[in-house]
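Quick caveat, the model's predicted, so the values are computed rather than measured.
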Amino acid sequence: MVDFAVESLVKAQPDIEKLLPEQWAHTGDTEIEAKPNWNFYRHLDAHNAGILVMAREDCRPVGYLVALIYPHPNSTEHLVANIPTYFVENRHSRPFIMARMVDFALERLAERGVFKIDIETNAEHSAGRLWELKGFKISKIGYSLKLKAKPEVKYA
């Protein structure tokens with residue numbers, strides 16, 4: 001059985017590092033090596049500005065989800081969250097574990113008073129259908145450009 005818990009990065013970092021190669025191979029930028037900014041995540045953890053949900057089966061890590069929590073840019077009275085990173089190891093029960101982990105995270109964010117949650121999913125490895133089933137609506141279309149050198153200035 002898979003259990004979920006909000007954990008501190010200090011406790012969970014070694015377990016995340018075990019899952020990172022598989023996660024990076026699945027959703028990472030293939031041109032760069034995975035080197036998470038652990039100082040950034042520790043800073044968020046220390047300032048209660050995020051949550052880390054770990055999924056464990058018999059104490060073994062099988063997945064994780066990170067949510068960043070911050071004040072709404074246009075409202076001093078509301079908190080928003082962004083979920084930039086989530087992963088469950090590749091296995092038959094992956095969709096079920098992911099769905100339960102998301103439910104657990106949404107409950108924890110609601111307990112923290114979060115008003116709105118934004119999620120990112122990779123177009124090539126989309127979990128969009130899962131997010132839609134959880135009640136999320138498409139709200140943005142984003143684009144990404146990887147620069148290798150200073151681009152030439154182009155005029156229309």
Side-chain angles (χ1 to χ4, degrees), residues 2-29 31-57 59-89 94-147:
V2 177
D3 295 307
F4 304 95
V6 174
E7 298 183 12
S8 71
L9 179 62
V10 172
K11 175 185 175 192
Q13 183 176 342
D15 292 330
I16 292 171
E17 289 173 342
K18 290 176 190 172
L19 293 170
L20 189 58
E22 185 181 356
Q23 186 243 329
W24 197 250
H26 183 65
T27 61
D29 288 318
E31 302 89 13
I32 60 174
E33 182 181 353
K35 291 185 178 181
N37 186 342
W38 297 117
N39 288 331
F40 171 71
Y41 289 112
R42 278 192 287 277
H43 179 80
L44 293 172
D45 201 26
H47 290 87
N48 206 27
I51 63 168
L52 167 63
V53 173
M54 291 297 298
R56 296 181 183 277
E57 184 175 55
C59 299
R60 185 180 71 81
V62 297
Y64 57 92
L65 178 148
V66 174
L68 312 177
I69 303 168
Y70 51 95
H72 191 293
N74 298 312
S75 173
T76 59
E77 299 175 6
H78 295 90
L79 293 174
V80 294
N82 179 275
I83 301 175
T85 303
Y86 50 93
F87 179 73
V88 172
E89 68 183 5
R94 180 184 209 173
F96 304 106
I97 295 170
M98 180 76 77
R100 288 179 48 228
M101 183 171 66
V102 168
D103 288 341
F104 182 88
L106 296 179
E107 289 171 9
R108 303 296 80 78
L109 291 167
E111 290 168 357
R112 293 275 304 270
V114 170
F115 165 72
K116 181 176 85 169
I117 303 165
D118 288 324
I119 179 67
E120 297 173 13
T121 189
N122 187 305
E124 295 174 10
H125 307 282
S126 179
R129 185 68 184 126
L130 168 67
W131 297 112
E132 290 172 15
L133 289 170
K134 296 296 178 185
F136 285 74
K137 304 290 182 216
I138 294 174
S139 63
K140 301 174 190 175
I141 296 175
Y143 294 90
S144 179
L145 173 66
K146 295 177 185 173
L147 299 176

*Report the residues that fulfil side chain to side chain donor-acceptor pair (under 3.5 Å) with Arg42, sequence neighbours left out, ordered by chain and then residue number.*
Gln13, Asn39

*Not counting sequence neighbours, which residues clear ring-ring contact (aromatic ring centres under 6.0 Å, His included) with Phe115? List them please.*
His78

*asked:* Please check this pair: side chain of Arg56 against backbone of Ala5, looking for a donor-acceptor N/O pair closer than 3.5 Å.
replied: no

*With the side chain counted from C-beta on, respond yes when Leu109 and Ile51 share a heavy-atom pair under 4.5 Å apart, and no when they do not.*
yes

_Distance, nearest 0.5 Å, that separates CG of Leu9 from NE2 of His43_ = 13.0 Å

*Please round to the nearest 0.5 Å and tell me the distance separating atom CG of Asp3 and atom CD of Glu57.*
9.0 Å

Under 3.5 Å, sequence neighbours excluded: what are the donor-acceptor pairs made by side chains of residues 99-107?
residue, atom, partner, partner atom, Å
Arg100, NH2, Val2, O, 2.9
Asp103, OD1, Lys134, NZ, 2.7
Asp103, OD2, Lys134, NZ, 3.0

*With sequence neighbours excluded, residues passing salt bridge (Lys or Arg N to Asp or Glu O under 4.0 Å) with Lys18*: Asp15

*Where do Trp24 and Glu33 come nearest, in terms of heavy atoms and distance?*
NE1-C, 4.2 Å

_Reported CZ-to-CD1 distance for the pair Phe4 and Ile97, which is rounded to 0.5 angstrom_ = 6.5 Å

Listing, residues 62-72 side-chain donor-acceptor contacts under 3.5 Å, not counting sequence neighbours, or none:
residue, atom, partner, partner atom, Å
Tyr64, OH, Gln23, OE1, 2.7
His72, ND1, Asn74, N, 2.9

_side chain to side chain donor-acceptor pair (under 3.5 Å) involving Glu111 - partner list, sequence neighbours excluded_ = Arg108

*Can you name the nearest heavy-atom pair linking Glu89 to Pro61, along with the distance?*
OE1-O, 4.4 Å

_Residue pair Gly50 / Arg112: nearest heavy atoms and the distance that separates them_ = O-NH1, 3.7 Å

*Determine whether Tyr41 and Ile16 make a side-chain contact, defined as any pair of heavy atoms from C-beta on separated by less than 4.5 Å.*
no

*Between CD1 of Ile83 and CD1 of Ile119, what distance do you get to the nearest 0.5 Å?*
4.5 Å

